[in-house]
Amino acid sequence: MSDIVKIKMPESNRKIDLEFQKEKIYAEITADRDFFESLLKFGLSEIDIKNNIIKIQDYYDESKICQNCKGIGHCSLGNKFFKRTPVLNNGVLDFVYEYCDLYAFKEKENSLIISADYNPSYNEKSWTDIDVSSIRNPLVLALTNKILTNNGDDFYFIEAPSHQGGTFITSVFFKTYILKYNLTGIYLDAFLRISELNDLIFSNKNKFNELFNRYINVDVLVLNKISSCYFSDFIRDNILFPLINERIRTHKITIVISEISLDNFIKLMVTKSSASGVRAQQIKSLFVNNYSFYNIGSNIKIY
């Protein structure tokens, strides 16, 4: 077997090849006008770009990956979740790092949405995904006005029979509104959470106080499917009444969603106790005197 002869490329040829590759990269970058002009806006001159072309190629490739982002769960950069901004230090290219917009938005969302008892896929929806029918129109207009101006109603009682869009509409509003105005929010399945409070008040009073105060003080509270709850005298008088009353007193935005009318909902709170009817009527008065009423399921009475 003959010996393999290794031919060493002259140093001058390697330099020519490197310069050729740099020119090729530079041509690719200048052909992408949006990217090239963004470099100029960051204060880089054409000379700066040429002198730092290898670093810029890496930055360019990364930018292209981020332009085609498929979401937080599918980061093609190895879950780095950052973006970088080019800066010049005495002619040498450097970068300032910060969280990417999507990750920063998700962090903001996580900090403001304290809890959300609804389908997580609803968080991917926007207000434009709402299907507006004639019966939904008054509610959608009211919530749209709230989003756009932060004016209007603070208290909403929505009669929404099952599968009529009550959860979907209010959950999309909930996320859109609190993120726009940097408010804290809790969206509750009332059946689960009121039952949870009832259990805690006997088993763990400190935890009960923590949760109950959180529900009272959060900026935006949604009580979904409240008509599914079981209301004993104790739950009505020690959980529902003080919660509704205190949020009215402090002007905290509250949305209550019921599958039945207010009149029928109030009937659920009347027990065998002789005083139950009085307390139930007090709760009804809180709603009638302070809440705006919307019905997205039928044309029955709106208060």
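All values derive from a computational prediction rather than experimental measurement.
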Can you find a heavy atom in the side chain of [X] that is under 4.5 Å from one in the side chain of [Y]?
{"X": "Tyr156", "Y": "Ile257", "answer": "no"}
{"X": "Ser285", "Y": "Phe287", "answer": "no"}
{"X": "Lys55", "Y": "Val92", "answer": "yes"}
{"X": "Ile266", "Y": "Gln281", "answer": "yes"}
{"X": "Phe212", "Y": "Pro242", "answer": "yes"}
{"X": "Phe168", "Y": "Asp131", "answer": "no"}
{"X": "Met269", "Y": "Ser276", "answer": "no"}
{"X": "Tyr181", "Y": "Leu112", "answer": "no"}

Who else is in Phe35's hydrophobic cluster (ILVMFWY, side-chain heavy atoms under 4.5 Å, direct or via others)?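 Other cluster members: Ile25, Tyr26, Ile29, Phe36, Leu39, Leu40, Phe42, Leu44, Ile49, Ile53, Ile54, Ile56, Tyr59, Tyr60, Phe82, Leu88, Leu93, Phe95, Tyr97.
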When clusters are formed from ILVMFWY side-chain contacts under 4.5 Å, directly or step by step, what else is grouped with Phe191?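 Joined to Phe191, directly or through intermediates: Leu192.
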Which distance, rounded to the nearest 0.5 Å, do you find between the OG1 of Thr85 and the CG of Asp94?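 With rounding to 0.5 Å, OG1 (Thr85) is 11.5 Å from CG (Asp94).
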Reported NZ-to-CZ distance for the pair Lys225 and Arg193, which is rounded to 0.5 angstrom: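 It comes to 12.0 Å.
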Parallel under 30°, tilted from 30 to 60°, perpendicular over 60°: which one fits the rings of Tyr118 and Phe174?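 The rings of Tyr118 and Phe174 stand perpendicular, inter-plane angle above 60°.
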Any donor-acceptor pair under 3.5 Å linking the side chain of Arg247 with the backbone of Ile253?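 Indeed, once roles are kept as given, a pair shorter than 3.5 Å links the two residues.
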Treating Lys284 as the side-chain partner and Leu262 as the backbone partner, does any N or O pair qualify as donor plus acceptor under 3.5 Å?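 No, because the side chain of Lys284 does not come within donor-acceptor range (under 3.5 Å) of the backbone of Leu262.
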Around atom NZ of Lys146, are there more than 12 heavy atoms of other residues, nucleotides or ligands at under 6.0 Å?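 Yes, because the 6.0 Å sphere around NZ of Lys146 holds more than 12 heavy atoms from other groups.
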Is it true that atom NZ of Lys24 has more than 12 heavy atoms of other residues, nucleotides or ligands lying nearer than 6.0 Å?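 Open.
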Any residue meeting side chain to side chain donor-acceptor pair (under 3.5 Å) with Glu246, in chain and number order, not counting sequence neighbours: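 By the side chain to side chain donor-acceptor pair (under 3.5 Å) rule, Glu246 matches Arg249.
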Using the side-chain contact (heavy atoms from CB on, under 4.5 Å) rule, take Arg84 and Val96 through it: C-alpha gap first, then chi angles, then the decisive distance, then the call. CA-CA 5 Å; Arg84 48 183 176 161; Val96 174; over 6 Å; no
